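Contents: one structure, followed by commentary.
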Amino acid sequence: MQRSVNAGILGVGMAVPERVMTNADLEKIVDTTDEWIRTRTGIRERRISSPDETSSTLGAEASRRALAHARVPAEELDMIICATATGDYIWPATACLIQQAIGAKRATAYDITAACSGFVYGLATASAYIQSGQARRVLVVGAETLSKMVNWEDRATCVLFGDGAGAAVLGPCAPDEGVLSSATGSDGGGFEMIILPAGGTKIPITPEVLEQKLNRIFMRGSEVYKFAVKIMGDVCLDALCKANLTPADVSLFIPHQANTRIIEAAASRMGLPPEKVFINLDRYGNTSAASIPIGLTEAVTEGRVKRGDVLVFVGFGAGLTWGANVVRWSRD
Ligand code: UT7
């Protein structure tokens with residue numbers, strides 16, 4: 001099929017809570033050390049939402065900033081896709097709350113549940129809608145408040161996560177720019193590796209469930225680590241191949257920020273030098289679906305992205321899910 005348009009990123013924005021929690025703060029809560037967290041993960045501090053801040057409030061603020069950056073009024077949005085694992089409610093969708101908050105009256109709004117791969121899945125979906133002509137302006141948001149769902153007594157997980165949101169506005173651009181390709185995959189066989197066991201229909205909330213903290217994030221960290229190291233490189237190479245590009249063409253690699261060692265392994269698999277790898281995990285921890293759009297917004301703000309640059313986004317997470325997008329930056 002001859003494609004006449006691609007989906008370009010017209011603007012980006014982010015919002016993070018003001019409150020900073022350092023590794024030293026965590027030393028007072030659980031049996032951990034700054035040294036362990038830094039050397040095993042690369043994280044120094046993370047942002048923690050206030051009781052009033054939710055995934056939708058952070059997502060709405062990131063969206064307003066992305067719309068302003070794109071110079072697109074909210075009323076022009078055809079669709080809002082929110083990637084979140086920590087929605088305000090089980091349902092309705094957090095995307096609908098964001099729609100209401102920003103006044104995007106015409107938009108169809110729904111959530112994607114793909115955990116840390118959510119933004120990559122969202123970009124792939126938005127791009128398909130725009131390429132097929134079914135939508136012209138699509139907002140993709142990654143918004144998380146993981147601090148409200150971690151078990152603050154489990155040192156193996158509570159030190160890893162942080163809160164925040166990032167957003168991107170997409171619209172038609174020339175066929176050789178914008179989202180050039182996406183590669184995605186899932187393996188439900190690993191569904192128990194990262195899971196929030198209770199609160200759905202399988203394990204309803206009871207006093208016993210709350211006592212056992214089954215309504216909190218559970219993760220088999222070292223198994224996820226091994227999966228991530230392999231899948232990150234594989235899916236990036238797959239997406240680059242689909243775009244007829246090689247790792248040598250990559251200008252900036254913006255991976256999901258889970259662990260510096262995982263990011264370095266993926267970068268080394270692609271032969272990328274450190275200056276082509278974006279890392280802000282030290283300041284935000286793992287913000288799940290928000291980590292890539294937050295990273296992209298910071299990279300753009302810092303002047304690390306210019307028109308024609310080839311960007312690679314890659315995520316992996318609960319599901320199991322994984323995915324990568326190759327984007328040729330289309331903004332001046
Ligand atoms: O966003 C996608 C989802 N998540 C991820 O991508 C996370 C992927 N996994 C990881 O990043 C790493 O597996 C972790 C950072 C979670 C853990 O690092 P690890 O090198 O795989 O450590 P481990 O789980 O094998 O634990 C090693 C030791 C254990 O002690 P013993 O059994 O050797 O005595 C843990 O109990 O480290 C201990 N430990 C801690 N010690 C101090 C685990 N958490 C902590 C902690 N502070 N916070």
Side-chain angles (χ1 to χ4, degrees), residues 21-46 55 83-86 112-121 142-147 149-166 184-187 190-197 216-236 254-267 279-282 284-295 313-324:
M21 183 183 276
T22 64
N23 292 348
D25 295 330
L26 277 162
E27 287 177 353
K28 296 177 200 136
I29 301 174
V30 283
D31 179 16
T32 191
T33 60
D34 170 53
E35 207 253 336
W36 191 96
I37 303 171
R38 268 191 298 104
T39 54
R40 296 285 179 134
T41 72
I43 302 166
R44 289 173 186 275
E45 59 187 43
R46 68 286 293 141
S55 296
T84 183
T86 53
I112 286 187
T113 304
C116 308
S117 313
F119 185 79
V120 170
Y121 276 38
E144 304 281 13
T145 40
L146 291 140
S147 69
M149 290 193 176
V150 297
N151 175 355
W152 287 102
E153 291 170 10
D154 176 15
R155 67 176 184 175
T157 51
C158 75
V159 304
L160 304 174
F161 298 103
D163 301 338
T184 52
S186 312
D187 175 11
F191 83 97
E192 285 178 313
M193 274 193 214
I194 322 176
I195 188 166
L196 201 131
R216 301 280 155 176
I217 295 168
F218 169 83
M219 179 169 71
R220 300 209 295 257
S222 52
E223 285 176 54
V224 177
Y225 184 94
K226 283 177 210 137
F227 148 74
V229 163
K230 174 163 174 14
I231 209 71
M232 289 255 278
D234 286 356
V235 75
C236 288
I254 307 182
H256 169 49
Q257 308 281 313
N259 186 314
T260 331
R261 292 181 293 147
I262 295 175
I263 294 172
E264 283 166 0
I279 295 184
N280 61 7
L281 170 81
D282 50 328
Y284 301 121
N286 180 346
T287 58
S288 192
S291 77
I292 293 171
I294 289 175
F313 309 143
V314 62
F316 62 91
L320 298 168
T321 57
W322 58 89

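Every heavy atom of this structure was used, including side-chain atoms; hydrogens, water molecules and symmetry mates were not. In listed order, ligands and their atoms are each counted from 1. If you're wondering where the values come from, they're calculated on a predicted model, not measured in any experiment.
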Could you go through ligand 1 and list every pair where one of its N or O atoms sits under 3.5 Å from a protein N or O, giving the atom names and the distance to one decimal?
residue, atom, partner, partner atom, Å
ligand 1, 1 (O), H256, NE2, 2.8
ligand 1, 1 (O), N286, ND2, 2.7
ligand 1, 9 (N), G221, O, 3.0
ligand 1, 11 (O), N259, ND2, 2.7
ligand 1, 13 (O), G221, O, 3.1
ligand 1, 20 (O), R40, NH1, 2.8
ligand 1, 20 (O), R261, NH2, 3.2
ligand 1, 22 (O), R40, NH1, 3.4
ligand 1, 36 (O), R155, NH2, 3.0
ligand 1, 37 (O), W36, NE1, 3.2
ligand 1, 41 (N), W36, NE1, 3.3
ligand 1, 47 (N), T32, OG1, 2.7
ligand 1, 48 (N), T32, OG1, 3.1
ligand 1, 48 (N), R155, O, 2.9

Member of I37, D25, L281 meeting the side chain to side chain contact (heavy atoms under 4.5 Å, CB included) criterion with R46: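 So the option named by the test is I37.
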N/O donor-acceptor pair under 3.5 Å between [X] side chain and [Y] backbone:
X    : Y    : answer
T321 : F316 : no
E45  : Y284 : no
D187 : L320 : no

Student check: side-chain heavy atoms of Q257 and I292 closer than 4.5 Å: no
Rounded distance (nearest 0.5 Å) linking atom OG1 of T157 with atom CE of M149: 13.5 Å
